[in-house]
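Contents: one structure, followed by commentary.
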Protein chains: 2
Amino acid sequence: MVKTPETHSQSTENKILEAAKKVFILHGLEGTSMQQIASEAGINKSLLHYYFRTKEKLFDAVFTYAFHYIVPQMEGILSSDSGINDKIERIVTEYMDMLSENKFIPAFILHEINRNPDRLYNIMQKSGIKPEMFVNQFVNEIQQGNIRPIDPRQLIINILSMCIFPVAARPLIQRIFFGNNENAYRQFLEERKKVVSEFIIQSIKP
Amino acid sequence: MVKTPETHSQSTENKILEAAKKVFILHGLEGTSMQQIASEAGINKSLLHYYFRTKEKLFDAVFTYAFHYIVPQMEGILSSDSGINDKIERIVTEYMDMLSENKFIPAFILHEINRNPDRLYNIMQKSGIKPEMFVNQFVNEIQQGNIRPIDPRQLIINILSMCIFPVAARPLIQRIFFGNNENAYRQFLEERKKVVSEFIIQSIKP
DNA sequence: TTTAATTTTGACCAGTTGGTTAAACCAAAT
DNA sequence: ATTTGGTTTAACCAACTGGTCAAAATTAAA
């Protein structure tokens, strides 16, 4: 049987992707060597090039994955028929949960956004994310007088900021405010879900 | 005259620091090579090692500088006798101004926070920044009933988030919302100063 | 069992990495 | 004019960089 390039051994390819994910997200594209990834995966360096011809191609695969994590499908929540306050609370909660479970991704993405903006932008385009969906949602609510007039883009960035930043800056904040106690910070992030929701809802009251 | 190690040629040392600052902030510690810095400074690679023995030492010098930018002395504003709303507006405005002028620093710092948290924490300690100052300020206002009860740490992080994130994620946001038009984003950040201030003030009303 | 295709490996490549060293350079002091 | 000191440079180092290649090992088809 003639295997197409896509028929690569599933297990090895997965091992590589898992290892690459781990190392790339910790050190970024430039800070990571193919040897590090190979070692992490417990395989030969040549095998990396056999599965993903170049470092860039391997990175793209991992990056696409990481991105789909940080900008997931929120369509379900948005298109539900609950009120705006309810939607905000659900989005904030689910988003912060996801970020807490992938705590190295935010800083990684922010770094790569600045290193190669177009790469991320292209991946985002392909992912089918439509920012207008979020914008329209808020425009409607403003027109109906449910929230006060505010530039929807500003509001979206406010929400994203308050969810992403405390995870991206976690190692420092954890040291400053919580004596580097990991559980204390986890608890803090847990409470924060409610805090951020209330903060936003309170600030957009008509 | 016997020159002490501190008597290094001011001009060369400055050239190096300027070049290192530029390259480090763009590429991070691991993404930067000594040769890049030497070329940027228009000097020999050996000369780098002559002035700053190792890459780490040079990085520390630059990093300390960058950090003093992002956590500047806000004591003046805090200790003034204006009302809390006024203080918030001034802090947000001045902080966002500074960030806009140093737009690569936020992502750089966030990256290095995750790469080597202790380095940054130590530098912060030495810088004399006292987080309690900010905390106490809000505790007082809450006790006096000027703002609603809220964990001061949450409030501080809310403010920092909304100021820092839009600069750190700038290249992507600029593409998504403004067709990569730099002036449009600058304008957006300009308006944002007011938006964030109002957003915070509105959300902490008693 | 032979054949054919895929998977894995180690040796190797030219270029780069951070860092060292000794010699050259240069201004000022003697 | 020579010595002295800091400054700058080119040559060099071992280790590592991303990447290639041909041969070996494995697997599956005939």
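The chains referred to below are lettered A, B, ... by the order of the sequence lines, with proteins before strands, and numbering in each begins at 1.
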Ranking C/dT6, C/dT9, D/dT8 by distance to the side chain of A/N44, first place goes to C/dT9
Quick one: B/E13 CD to D/dG6 P, roughly how many Å, whole number?
15 Å
How many Å lie between OH on A/Y50 and P on D/dC21, as a whole number?
15 Å
Who passes side chain to side chain donor-acceptor pair (under 3.5 Å) against B/N136, sequence neighbours left out?
none
Could you tell me whether the side chain of A/E112 and the main chain of A/L29 form a donor-acceptor pair under 3.5 Å?
yes
Take the protein atom CZ of A/F52 and the nucleotide atom P of D/dG18, then report the distance between them rounded to whole Å.
16 Å
In this structure, which one of A/R186, A/K193, A/K194 forms a side chain to side chain donor-acceptor pair (under 3.5 Å) with A/E190?
A/K193
Can you sort out the partners of A/E198 under side chain to side chain donor-acceptor pair (under 3.5 Å), two or more places apart, ordered by chain and number?
none
Per-nucleotide protein contact along nucleotides 17-26 of chain C, 5' to 3', at a 4.0 Å heavy-atom cut-off (B base, S sugar-phosphate only, - neither), is SBBBB-----
What about B/F63 and B/F59, are their ring centers closer than 6.0 Å?
yes
Could you tabulate the donor-acceptor pairs under 3.5 Å formed by side-chain atoms of residues 153-164 of chain A, not counting sequence neighbours?
from   : atom 1 : to     : atom 2 : distance (Å)
A/R153 : NE     : A/D151 : OD1    : 3.2
A/R153 : NE     : A/D151 : OD2    : 3.4
A/R153 : NH2    : A/D151 : OD2    : 2.9
A/Q154 : OE1    : B/R192 : NH1    : 2.8
A/Q154 : NE2    : B/F188 : O      : 3.3
A/N158 : OD1    : B/R192 : NH1    : 2.9
A/N158 : OD1    : B/R192 : NH2    : 2.7
A/S161 : OG     : A/I157 : O      : 2.5

Could you tell me the separation between the CG atom of A/L47 and the P atom of D/dT20, rounded to a whole number of Å?
15 Å
Gap between atoms CD1 and C1', on A/I37 and D/dC16 respectively (whole Å)
15 Å
Could you state the atom-to-atom distance from CG of A/L48 to P of C/dT7 in whole Å?
15 Å
Note the angle between the end axes of the helix from C/dT1-D/dA30 to C/dT30-D/dA1, five pairs defining each, rounded to 10 degrees.
20°
Checking B/S39 against B/Q35: is there a side-chain donor and acceptor pair closer than 3.5 Å?
yes
Can a side chain N or O of A/T12 be found less than 4.0 Å away from OP1 or OP2 on C/dT8?
yes
Applying side chain to side chain donor-acceptor pair (under 3.5 Å) to A/N116 and not counting sequence neighbours gives none
Lys/Arg-Asp/Glu bridge criterion (N-O < 4.0 Å) met for B/E18, B/K21:
yes
